[in-house]
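For ligands, and for the atoms within them, numbers begin at 1 and follow the listed sequence.
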Amino acid sequence: MWYHSTQQPDQQVPLKEAILRSLPADNGLYMPEEIRPLDDDFWHRWREMSFAEIGTHVAQAFFGDDVPAEELRRMVEETLCFDAPLVQLAPGDFVLELFHGPTLAFKDFGARFMARLMAYLTREDGRELTVLVATSGDTGGAVASAFYQVPGTRVIILFPKGKVSPLQEKQLTTLGHNITAIEIDGTFDDCQRLVKSAFLDARLSHDLNLTSANSINLARLVPQSFYYFHSSRMLPTGVDPAFVVPSGNFGNLTAGLLAQRLGLRVKKWIAATNRNDVVPAYLRSGSYETRPSIATLSNAMDVGAPSNFVRMQYLFGDDWQRMAAQIEGFSFDDEQTRAAIREVKSLYQYEIDPHGAVGWLAAKKWRANNPGHPTIVLETAHPAKFLEVMEAELGAGSIEIPERLACLADRPSQAHALGTDEASFHAWLRR
Ligand SMILES: *Cc1c(COP(=O)(O)O)cnc(C)c1O
């Protein structure tokens, strides 16, 4: 299969280039040339399949022309070394727990699959691959963990100084080996801009054999569509869920749209954001205005210029009305988020993290206008990753810290500090 930029559908590239270049030269994002619905055989059996079997079918739809089925199956099985349980808080009010992976956030799905696909595609290159990634919180940890000690790779992670949680910072800065963290004295958007600038410098990009691991990479998106299938079949046959996606760069929601193009039936998409509400505002008004990001409690969603928006536009043929007919947007501030954390705990004895809380608020609001329709909120991170906020609302000791986070606290951090200047960043990379 061929892949092309959202900006220039007639300029086609093979899979290896789409995955390793990550970002087309024209500033668009890669998409597969076609998305064919899964066949009848899949739809006859999908409710009985294992999670990995579903994932293999989905991965084949995007990568099956270039990667043998048994290799895809292995990558999917290695990716899904943990489950994604669907929890019912109340009738019709579901939470899909995507935080059971090694770094306790949904980004493990995308990062683990991408690391394996990249390793497969470069297996005969004989050159080291440099993975460059900007993170506002969870991406970096997931990517670092996914590539940690993978031969032939090194990972450089940029994060905004003081804007990720202490534990997130530990996940980025304590691994060592082939993982290097850089603390940027700026915002997440600055980090994202620096990463983009390195890719757009063709010489630098070539010399360092640069590749990206942000949600802009197609290999990250595809595995994130697995769990839309997996969760939706846990509802009774014939009931189509409304999926509520706490969103920042809109990779997760875009992955849902891909699942829908493969034939998954979805009642509605609900884009839930914090005060960085560029997309909900667009869905209401039809005018898209990016802004500098604002720091909030749900910091992994503090994005003022969501990178996957171009893919969403592409999927809806640049038609605002079509997009607004399928996606509804809601945004909430930090006070509302705090109140939701307390409310979910007192109503259901469930500890929902600040990102999930934003989603839960959106689900509640949507159900009020659509009574009787079940919602599935994607719970994107484990509450222990946001301990300060959780304990402020629910009391000290209210959150059990999983073993793999607890042991991080004792490890020494190591990060390089840099400013937001592109030239110095490029110089640092060359050293
Ligand atoms: C990354 C992240 C999000 C936002 O996901 P996008 O795909 O960027 O929209 C939401 N919640 C958590 C916990 C995250 O880490």
Side-chain angles (χ1 to χ4, degrees), residues 29 95-111 114 133-146 157 159-160 163-165 167-169 171-172 188-189 191-192 212-225 227-228 243-259 269-274 276-280 293 296-312 327 329 331-332 337 341 352-360 362 377-387 389-390 405:
L29 294 183
V95 171
L96 177 62
E97 293 184 347
L98 299 176
F99 55 67
H100 293 273
T103 69
L104 308 180
F106 82 90
K107 291 190 175 74
D108 285 325
F109 286 92
M114 182 188 57
V133 51
T135 185
S136 61
D138 282 332
T139 308
V143 170
S145 150
I157 305 166
F159 66 97
K163 296 192 178 70
V164 302
S165 80
L167 273 169
Q168 283 176 331
E169 193 167 326
Q171 288 185 314
L172 304 176
F188 171 65
D189 294 329
C191 296
Q192 202 151 247
S212 154
N214 275 50
S215 52
I216 54 182
N217 197 300
L218 195 58
R220 288 260 318 263
L221 229 41
V222 165
Q224 288 174 9
S225 60
Y227 40 73
Y228 290 98
F243 279 107
V244 186
V245 190
S247 293
N249 263 322
F250 282 80
N252 220 2
L253 199 143
T254 302
L257 298 175
L258 294 182
W269 295 104
I270 299 164
T273 71
N274 55 35
N276 296 282
D277 65 345
V278 171
V279 172
S293 58
T296 76
L297 295 179
S298 44
N299 62 37
M301 315 199 303
D302 294 349
V303 182
S307 52
N308 278 288
F309 186 71
V310 290
R311 281 197 174 111
M312 294 167 67
I327 311 177
S331 75
F332 300 93
T337 306
I341 291 170
I352 200 160
D353 96 292
H355 304 78
V358 169
W360 184 78
V377 176
L378 274 54
E379 170 53 318
T380 47
H382 192 290
K385 296 190 84 166
F386 306 94
L387 207 55
V389 183
M390 298 306 296
L405 267 192

Heteroatom proximity flag, [X] to ligand 1, N/O under 3.5 Å:
{"X": "Lys107", "value": "yes"}
{"X": "Gln224", "value": "no"}
{"X": "Phe250", "value": "yes"}
{"X": "Met301", "value": "no"}
{"X": "Gly251", "value": "yes"}

Classify the contact between Pro246 and ligand 1 as side chain, backbone, both or neither, using a heavy-atom distance cut-off of under 4.0 Å.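 Only the backbone of Pro246 comes within reach of ligand 1.
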Would you kindly specify which portion of Lys385 sits under 4.0 Å from ligand 1, judged on non-hydrogen atoms: side chain, backbone, both or neither?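 No part of Lys385 is near ligand 1 at this cut-off.
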Subset of ligand 1 atoms that lie under 4.0 Å from at least one heavy atom of [X]:
{"X": "Ala381", "value": "13 (C)"}
{"X": "Asn252", "value": "7 (O)"}
{"X": "Asn249", "value": "6 (P), 8 (O), 9 (O)"}
{"X": "Ser247", "value": "9 (O)"}

Under 4.0 angstrom from ligand 1, any heavy atom of Phe106?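 Yes, Phe106 has a heavy atom closer than 4.0 Å to ligand 1.
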Could you tell me whether the side chain of [X] and the main chain of [Y] form a donor-acceptor pair under 3.5 Å?
{"X": "His355", "Y": "Ala300", "answer": "yes"}
{"X": "Ser247", "Y": "Phe250", "answer": "no"}
{"X": "Lys163", "Y": "Asp302", "answer": "no"}

Student check: side-chain heavy atoms of Met390 and Ile341 closer than 4.5 Å: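 In contact.
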Using a 4.5 Å cut-off on heavy atoms from C-beta on, say whether the side chain of Gln171 contacts that of Ser145.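 No, side chains not in contact.
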Parallel, tilted or perpendicular, judged at 30° and 60°: which one describes the rings of Phe243 and Trp269?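 Geometry flag for Trp269 against Phe243: parallel rings.
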Does a donor on one side chain and an acceptor on the other come within less than 3.5 Å for Asn217 and Ser212?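 Judged by distance alone, the side chains do not pair up.
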For the residue pair Thr103 / Asp108, report whether a side-chain donor-acceptor contact shorter than 3.5 Å exists.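 Result is yes, a qualifying pair exists.
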